[in-house]
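Only one structure is covered here, and it is reproduced in the block below.
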Protein chains: 2
Amino acid sequence: MQGEKSTDPGPFNVGLLLFIPYRELEERVFAAVQDAGYTDTTLPQARLFQRISAEGSRITELASRVYITKQTASVLVSSMERNGYVRRVPDPLDARASRVIADERGLAAGKVAAAEIQRIDREWRQALGSARYDRLRRDLQVLARLTNRPQ
Amino acid sequence: MQGEKSTDPGPFNVGLLLFIPYRELEERVFAAVQDAGYTDTTLPQARLFQRISAEGSRITELASRVYITKQTASVLVSSMERNGYVRRVPDPLDARASRVIADERGLAAGKVAAAEIQRIDREWRQALGSARYDRLRRDLQVLARLTNRPQ
DNA sequence: AATATTAGTCAGTAAAGCTGACCTTAAAGC
DNA sequence: GCTTTAAGGTCAGCTTTACTGACTAATATT
């Protein structure tokens, strides 16, 4: 037996370690939104929706953030548009482009989601301890910035 | 102005903070596998594949881990089976069930994936520092255990 | 002015993912 | 034991997601 280099990595690779809590949170938040009556939504739509910025976002921008093609993003936006979650407005600076902005129904559903995320946040903060949880978030931000993708 | 409770949470919620590095890793690993010649694979298949244990796993078990229905899991397994990545073997203990096990081609592709994950691991460890990276992994494991899902 | 790039849609197709119905075997209740 | 309930899995049918390729219109570049 030799001295261990570091901590036991456990059975999971980093990808899985990130995936498990991520997917659990997503599932809970989506369930909360559905339970609140927003049943005409889907997970892929929600994934895109949460990346829309306050000033409105471009289709291409959203596609890149969610790791899908712009064509797929366009379809998702159209569905959400039909259901009153978002709107397309012409971009004042670029006549080719349009900006996707959250509409009333979208904002309302977003509040439900935010509330559930806050609940989970509290749970996780309690489980890890406040300092450790904050550190975790900071470290994840560092990793997020490592990707050379616009965020 | 009041004293801050803790660190600036940044623009992203925890879900997003987990998603961004997760999805980036997944993308890189998948690209590596494709580049190595395993072009008859898809991301959903790969997500399921990596959850197959050495002794073989049940369809239902895999479905639960990946957050999909058993029907969908069955379809993914059938595709991978056709392409030689996995096999179904009857479960000796339960005549209803079968166990999915990795086949030759699957094991080979798995090695390519593992190598790429190791590369990313090194990068991330370097970016955060060894101690901090290990701590991150430990904390993620704690969160993973919080979900009351079989893992 | 010509050319290349970017934003986005349209069309077509394959894969993923769901619900519901069903069969078979195992477990639980009596 | 026998009956009932639950669990593992597939089949069928359908919608959504997601891709590639082709195209239009507008902006940038040279």
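Residue numbering restarts at 1 for every chain, and letters A, B, ... go by the order of the sequence lines. Below, all heavy atoms of this structure are taken into account, side chains as well, without hydrogens, waters or symmetry copies.
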### Message
Quick check on dC19(D): is either OP1 or OP2 less than 4.0 Å from any side-chain nitrogen or oxygen of Thr72(A)?
### Response
yes
### Query
Would you find a donor on one side and an acceptor on the other, under 3.5 Å apart, between the side chain of Ser74(B) and the backbone of Lys70(B)?
no
### Summary
Overall bend of the helix from dA1(C)-dT30(D) to dC30(C)-dG1(D) (five pairs an end, 10° steps) is 40°
### DNA chain C contacts among residues 86-97 of chain A, heavy-atom distance under 4.0 Å
Arg88(A), Arg96(A), Ala97(A)
### Task
Just jot down the side chain to side chain contact (heavy atoms under 4.5 Å, CB included) partners of Asn83(B), sequence neighbours excluded, or say none.
Asp40(B), Tyr85(B)
### Query
Less than 4.0 Å between a side-chain N and a carboxylate O, is that true for Glu123(A) and Arg28(A)?
yes
### Query
Trp124(B) and Val14(A): which non-hydrogen atoms are nearest, and at how many Å?
CZ3-CG1, 3.9 Å
#### Entry: 5'-most by nearest nucleotide on DNA chain D - Ile68(A) or Lys70(B)
Lys70(B)
### Task
Check the pair Ile20(B) / Leu143(A) against side-chain contact (heavy atoms from CB on, under 4.5 Å), numbers first and verdict last.
CA-CA 8 Å; Ile20(B) 294 169; Leu143(A) 294 189; over 6 Å; no
### Check: Ser57(B) side chain, Ser53(B) main-chain N or O, donor-acceptor pair, under 3.5 Å
yes
### Message
Just the rounded figure in Å: distance from C1' of dA18(D) to CZ of Arg47(B).
### Response
12 Å
### All salt bridge (Lys or Arg N to Asp or Glu O under 4.0 Å) counterparts of Arg65(A), not counting sequence neighbours
Glu61(A)
### Query
What class does the angle between the rings of Tyr22(A) and Phe19(B) fall in, given that below 30° is parallel, 30 to 60° is tilted and above 60° is perpendicular?
tilted
Using a cutoff of under 3.5 Å, can you pull out all pairs of nitrogen or oxygen atoms linking the protein to nucleotides 10-15 of chain C, with atom names and distances?
none

### Task
With Met80(B) as reference, evaluate Leu48(B), Asp103(B), Val75(B) under the side-chain contact (heavy atoms from CB on, under 4.5 Å) test and give the passing residue.
Leu48(B)
### Query
Short question: side chain of Ser130(B), backbone of Gln126(B) - any donor-acceptor pair under 3.5 Å?
no
### Message
Using a 4.0 Å cut-off on heavy atoms, which residues in residues 49-67 of chain A reach DNA chain C? List them by number, or say none.
### Response
Arg58(A), Ile59(A), Thr60(A)
### Query
For Thr69(A) and dA18(D), is the shortest distance between a side-chain N/O and OP1 or OP2 below 4.0 Å?
no
### Donor + acceptor pair across side chains of Tyr67(A), Glu24(B) (<3.5 Å)
yes
### Exercise: do Tyr133(A) and Asp139(B) side chains pair donor with acceptor under 3.5 Å
no
### Query
Expressed in angstrom and rounded to an integer, what is the separation of Gln34(A) atom CD from dT19(C) atom C1'?
14 Å
### Query
Given dG9(D), is OP1 or OP2 found less than 4.0 Å from the side-chain N or O atoms of Ser74(B)?
no
### Closest heavy-atom pair and its distance - Ala108(A), Tyr38(A)
CB-OH, 3.2 Å
